[in-house]
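Computed over heavy atoms, backbone and side chain alike; hydrogens, waters and symmetry mates excluded.
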Amino acid sequence: MTQLDQSNIDALRSLQIPKGCNIIDGTFEPAATGRELEVTSPIDGAVLGSIPDSDHTDVDKAVDAARHSFESGVWSGLAPVMRKKVLLKWAELIEANALEIAVLGARDNGTDIRMALKGEPVSAAATIRFYAEATDKVNGEITPTRPDVLSLIRKEPVGVVGVIIPWNFPLMIGAWKVAPALAAGNSVVLKPSEEATFSTLRIAELAHEAGLPPGVLNVVTGRGSVVGEALGLHMDVDVLAFTGSGHVGRKLMEYSGRSNLKRIYLELGGKSPNIVFADAPDLEDTAAQTAASIFRNNGQVCVAASRLMVERPVYDDFMKLVRGHAEALSVGDPLRLENNTGALANSAQLTKTTAAVQLALEQGAVLSTGGAVLHHESGGFYHQPTILTDVTRDMDVVQNEVFGPVLAARAFDTEEEAVQMANETVFGLSSAVWTSNLSKAHRMAGRIKSGQVHVNCFSGSDVTSPLSGVRQSGNGADKSLHALEKYENLKATWIQI
Ligand code: NAD
């Protein structure tokens with residue numbers, strides 16, 4: 001059942017979700033305490049299932065299993081080509097079960113099924129394949145020394161990697177970290193978000209089916225403040241890779257300082273600027289992509305272009321086009337193909353969105369469209385795509401991430417002013433510039449403080465290109481061959497010959 005049609009989706013959504021289990025040392029087990037967390041679906045607020053409410057005992061056990069598997073060489077000691085074989089098989093199994101996995105994930109986090117399919121299993125499989133292929137193609141180095149010395153740089157796995165991920169795209173983001181960590185020969189302990197666990201458990205199960213040895217990929221579910229903290233404070237985790245909020249990112253750095261100084265890699269939030277010059281190549285297409293860049297997955301996208309700046313001569317016309325696209329979106333049950341926007345992931349996200357809109361209006365923003373909760377009777381969490389205009393630098397909606405379907409728009413007059421606006425927050429994750437002037441595009445790309453700049457498009461970058469936030473958007477890179485560096489130690493061997 002792999003085809004994206006309504007009857008297949010309906011059949012898959014009617015399946016009972018199996019009880020969530022931790023995966024430790026290749027076995028499926030409940031939390032040591034036997035406690036469980038109830039999981040509700042954002043589609044209708046109904047109970048979906050349960051996951052282990054794990055604690056530090058489960059984390060200790062998972063880290064021990066990871067350490068044991070690492071030291072045994074059962075994975076770290078394999079020829080890279082053998083690791084590649086298992087990872088490629090894993091990607092194949094994920095693709096073969098993609099629709100089932102996407103429906104499972106959408107029931108858990110509310111992402112519309114088209115995006116859930118493309119952005120989750122399909123994207124994760126592509127990422128796993130990319131790093132699988134890299135295992136036997138990335139070399140060590142020999143440095144240029146005097147002739148009586150051989151100076152080698154080996155790239156060695158770090159050992160045990162902890163991975164903590166959010167709920168918006170658990171498989172895509174999880175694969176960005178787990179795939180390079182495994183490709184480099186490490187063992188992993190993965191903690192999914194308690195708001196989106198089931199699809200991660202399913203693909204971890206497939207990893208074992210693909211031949212990943214027990215203990216190499218362990219999954220411990222539960223609350224961030226318990227399981228995540230235990231992982232962050234653990235004395236035997238060498239590297240911790242995290243995607244999520246800045247608030248938790250700061251805690252992880254503290255945990256590292258209070259424990260073993262493990263390396264912490266953070267992919268955090270953003271407030272990405274989208275800058276439209278009057279000479280953009282095609283204003284209609286720019287408007288369509290502008291709406292998609294903030295409203296896809298309800299704005300619950302780290303790189304969402306939540307701040308729009310438009311050059312004044314085209315501002316009114318352009319805003320009319322964007323408003324048209326926002327109002328044409330069909331928001332509703334994410335598993336119905338007639339909808340192109342699903343539910344917000346949980347009630348907290350809905351509350352955060354309505355509060356952000358309310359505050360913006362109190363601070364002087366103007367409601368151009370949207371602003372209301374939808375489908376209240378369903379029991380789920382739905383909100384209209386919302387555009388606020390006349391925003392100013394000091395407003396919360398300009399400075400703080402909403403992580404909801406809220407666009408803050410205003411006009412600018414000069415290139416210099418556009419640069420100032422682009423760089424006016426503490427973030428630096430992504431950005432976009434629309435212009436037909438090549439020189440202007442390059443000048444802007446050079447001056448915007450962000451890890452990613454799009455020109456005449458938004459998004460669409462693939463796994464070959466890094467996502468590496470600057471300023472308070474994070475450190476290190478997900479995606480691209482550079483991501484491997486996070487999960488490797490460089491060992492210098494200086495040989496007198
Ligand atoms: P979050 O920070 O609340 O949670 C992320 C993960 O951290 C979850 O697994 C959670 O259980 C865990 N956690 C919570 N408290 C913890 C603690 N004290 N110690 C250790 N772990 C803990 O974030 P979220 O609400 O799941 O996700 C939304 C945020 O993620 C947004 O800020 C968004 O911008 C960011 N995000 C960033 C990217 C990126 O690539 N830069 C991608 C997606 C999401």
Side-chain angles (χ1 to χ4, degrees), residues 22 31-33 37 53-64 66-67 70 158-168 170 173-174 176-178 180-181 186-197 200 218-271 302 348-349 352 396 399-401 403 425-429 449 451 467-478 483 485-489:
N22 287 331
T33 61
L37 285 178
D53 183 10
S54 312
D55 68 11
H56 65 93
T57 318
D58 306 288
V59 172
D60 287 348
K61 198 169 165 192
V63 174
D64 284 352
R67 175 60 61 191
F70 181 75
V158 296
V160 176
V161 174
V163 173
I164 302 180
I165 53 173
W167 42 260
N168 57 341
I173 293 168
W176 288 348
K177 299 171 194 309
V178 171
N186 298 285
S187 291
V188 172
V189 178
L190 169 64
K191 184 236 169 289
S193 166
E194 53 274 46
E195 304 286 346
T197 300
T200 301
N218 307 277
V219 185
V220 183
T221 73
R223 285 169 288 157
S225 55
V226 180
V227 177
E229 183 182 275
L231 207 49
L233 285 170
H234 206 289
M235 294 298 288
D236 204 24
V237 170
D238 299 292
V239 162
L240 203 151
F242 170 79
T243 292
S245 61
H247 170 70
V248 175
R250 284 185 161 77
K251 287 192 177 186
L252 294 175
M253 289 197 148
E254 270 179 52
Y255 299 156
S256 170
R258 281 164 52 199
S259 56
N260 62 340
L261 297 175
K262 58 181 70 62
R263 294 201 317 245
I264 303 283
Y265 293 107
L266 305 175
E267 290 292 338
L268 308 174
K271 197 78 207 175
C302 54
Q349 282 304 116
K352 198 173 160 207
D396 282 74
Q399 294 298 330
N400 301 325
E401 189 179 46
F403 222 55
T425 74
V426 297
F427 299 109
L429 193 54
K449 294 180 179 165
L467 178 63
S468 51
V470 298
R471 305 206 276 177
Q472 291 186 32
S473 287
N475 59 11
D478 272 340
E485 294 157 14
K486 299 194 293 191
Y487 309 107
E488 292 168 341
N489 288 327

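- Under the side-chain contact (heavy atoms from CB on, under 4.5 Å) criterion, His56 pairs with Asp60, Ala230, sequence neighbours left out.
- Scanning both residues, Pro192 and Thr197, for their nearest heavy atoms gives CG-CG2, 3.9 Å.
- Scanning all heavy atoms of the two residues, the minimum distance from Ala32 to Asp58 falls at N-OD1, 2.8 Å.
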### Message
Pair His234, Tyr255 - check side chain to side chain contact (heavy atoms under 4.5 Å, CB included), show working.
### Response
CA-CA 9 Å; His234 206 289; Tyr255 299 156; over 6 Å; no
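- For Asn218 (side chain) and Val188 (main-chain N/O), a donor-acceptor pair under 3.5 Å exists by modelled atom type.
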### Message
Checking Leu429 against Leu467 for the side chain to side chain contact (heavy atoms under 4.5 Å, CB included) test, could you report, in this order, the C-alpha distance in whole Å, the side-chain angles of both residues, the deciding distance, and whether it holds?
### Response
CA-CA 8 Å; Leu429 193 54; Leu467 178 63; 4.1 Å; yes
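- The shortest non-hydrogen separation linking Phe427 to Gln399 is CE1-O, 3.5 Å.
- How far CG of Leu240 is from CD1 of Ile164: 4.5 Å, rounded to the nearest 0.5 Å.
- From His247, atom NE2 reaches atom NZ of Lys251 across 4.0 Å, with rounding to the nearest 0.5 Å.
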### Message
Apply side chain to side chain contact (heavy atoms under 4.5 Å, CB included) to residues Asn22 and Lys61 and explain how you reach the verdict.
### Response
CA-CA 11 Å; Asn22 287 331; Lys61 198 169 165 192; over 6 Å; no
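- Taking CD1 of Ile264 as the start and CZ of Arg250 as the end, the distance is 14.0 Å to the nearest 0.5 Å.
- Within the 4.5 Å cutoff, the side chain of Leu268 has heavy atoms near those of the Phe242 side chain.
- For Arg67, the side-chain hydrogen bond (donor to acceptor under 3.5 Å, both in side chains) partners at least two apart in sequence or on another chain are Glu71, Asp236, Asp238.
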### Query
After noting the C-alpha distance and the side-chain angles of Val189 and Val220, does the key distance pass the side chain to side chain contact (heavy atoms under 4.5 Å, CB included) rule?
CA-CA 7 Å; Val189 178; Val220 183; 4.1 Å; yes
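- Nearest heavy atom pair, residue Glu267 against residue Ser468, reads OE2-CA, 4.1 Å.
- In terms of heavy atoms, Ser259 sits closest to Gly232 at OG-O, 3.6 Å.
- Side-chain atoms of Glu401 never come within 3.5 Å of backbone atoms of Lys271 as a donor-acceptor pair (strictly under, hydrogens ignored).
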### Message
Could you go through Trp176 and Tyr265, starting from their C-alpha distance and side-chain angles, then the distance that decides it, and tell me whether this counts as ring pair (Phe, Tyr, Trp, His ring centres under 6.0 Å)?
### Response
CA-CA 12 Å; Trp176 288 348; Tyr265 293 107; over 10 Å; no
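- Without hydrogens or angle criteria, Asn260 side chain to Val237 main chain gives a donor-acceptor distance under 3.5 Å.
- Taking CZ of Phe70 as the reference point, atom OG of Ser187 lies at 7.0 Å (rounded to 0.5 Å).
- By the side-chain hydrogen bond (donor to acceptor under 3.5 Å, both in side chains) test, Lys486 is found to be paired with Asp478, residues two or more places apart in sequence or in another chain being considered.
- Residues Arg223 and Leu37 are in side-chain contact: their nearest non-hydrogen atoms beyond the backbone lie under 4.5 Å apart.
- A donor-acceptor pair shorter than 3.5 Å cannot be found between the side chains of Asn475 and Arg263.
- Under the 4.5 Å side-chain criterion, counting only non-hydrogen atoms from C-beta, Val161 is not in contact with Lys177.
- For the pair Glu194 (side chain) and Gly224 (backbone), a donor-acceptor distance under 3.5 Å is present.
- Separation of atoms CE (Met253) and CG (Leu261) is listed at 12.0 Å; rounding is to 0.5 Å.
- The nearest pair of heavy atoms linking Thr221 to Ser54 is O-OG, 2.6 Å.
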